[in-house]
Amino acid sequence: MWMIRVVLRLLILGLVACHGIAAELEVDKSVSKVFAEVKASPPHSFEVVVTDFESVLSIDDSGAMTAARFTFDFADLDSDSNKRDSKMRSWMNVELNPVVEFVLEKTETREEGLVAIGELVMHGVSRQIEIPYSSRENQGKWILEGDVVLDHQEWGLEIVKLLFFRVKPKLGIRIPVSYTHLRAHET
């Protein structure tokens, strides 16, 4: 549940002004996946996959994102357990806050590589996050991969407890996404 909210917010990317030539890209959903790893105690973990999402972005010729928007609905989260998914959606209050959105503000190049900085809106709360990522071109497609750990409590979500089980608030989000070229444009 917590991973889904984090993933949704991370995936919603917004437009940012830039200079130069940028390629506008569209996600190739047939080979792309956005998911979060949820850990609980006693020790066990499970994966929550975003089954549908929208993402269009622009990158420069070095592979740095210049504009991006990523969104998904909490209803499109799948943990491979209908019972758990139902409880997760109730915990997230999907009727009131159904969408997760990430809007890119800027990309920085740091010693460790590229970092996307933007606002993640989840559960009605907006927080700035940083997502370290890599990008590479392969046979006419751009592959972007990123990992980030988020604490769902920063978005006002409580720790889930059930009997002696407790879901840990830190979610590991992974984003291996493949994009195809739409067109090049000046920004």
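- Looking at Ser135 and Ile143, their side chains never come closer than 4.5 Å, going by heavy atoms from C-beta outward.
- By the side-chain hydrogen bond (donor to acceptor under 3.5 Å, both in side chains) test, Glu112 pairs with no residue at all, sequence neighbours left out.
- For Ser58 (side chain) and Thr66 (main-chain N/O), no donor-acceptor pair under 3.5 Å exists by modelled atom type.
- Residues Leu57 and Val27 form no side-chain contact, since every pair of their non-hydrogen atoms from C-beta on lies 4.5 Å or further apart.
- By the 4.5 Å heavy-atom criterion applied to side chains, Asp52 and Asp73 are not counted as neighbours.
- Nearest heavy atoms, Leu104 versus Ala116: CD1-CB, 3.7 Å.
- In this structure, the side chains of Arg136 and Glu145 come closer than 4.5 Å at one or more pairs of heavy atoms.
- Partners of Arg110 under the salt bridge (Lys or Arg N to Asp or Glu O under 4.0 Å) rule, at least two apart in sequence or in another chain, are Glu108, Glu130.
- When all heavy atoms of Leu114 and Thr109 are compared, the closest pair comes out as CD2-OG1, 3.5 Å.
- Among all heavy-atom pairs drawn from Val94 and Phe74, the shortest one is CG1-CB, 3.2 Å.
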(request) Apply the test side chain to side chain contact (heavy atoms under 4.5 Å, CB included) to residues Asp85 and Lys87: give CA-CA distance (whole Å), side-chain angles for both, the deciding distance (0.1 Å), then the verdict. (result) CA-CA 5 Å; Asp85 292 348; Lys87 288 180 181 180; over 6 Å; no
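- In this structure, the side chains of Ile59 and Leu25 come closer than 4.5 Å at one or more pairs of heavy atoms.
- Remark: the backbone N or O of Asn82 is not paired with any side-chain donor or acceptor of Ser86 at under 3.5 angstrom.
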(request) In sequence, state the C-alpha distance, the side-chain angles, and the governing distance for Glu95 and Asn93, and then conclude on side chain to side chain contact (heavy atoms under 4.5 Å, CB included). (result) CA-CA 6 Å; Glu95 292 79 24; Asn93 194 4; 3.7 Å; yes
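- In this structure, Tyr133 contributes its side chain and Met65 its backbone to a donor-acceptor pair below 3.5 Å.
- Ser62 meets the side-chain hydrogen bond (donor to acceptor under 3.5 Å, both in side chains) test with Asp60; sequence neighbours excluded.
- Between Ser126 and Glu119, the side chains place a donor N or O and an acceptor N or O closer than 3.5 Å (distance only, hydrogens not considered).
- Residues Val34 and Phe53 meet the side-chain proximity criterion, which asks for heavy atoms closer than 4.5 Å.
- Other residues sharing the hydrophobic cluster of Val115, ordered by chain and number and joined by side-chain separations under 4.5 Å: Ile117.
- In terms of the side chain to side chain contact (heavy atoms under 4.5 Å, CB included) criterion, residue partners of Ser81 (sequence neighbours excluded) are, by chain and number, Ser79, Lys83, Arg84.
- Under the 3.5 Å distance criterion, the side-chain polar atoms of Arg127 are left unmatched by any main-chain donor or acceptor of Val121.
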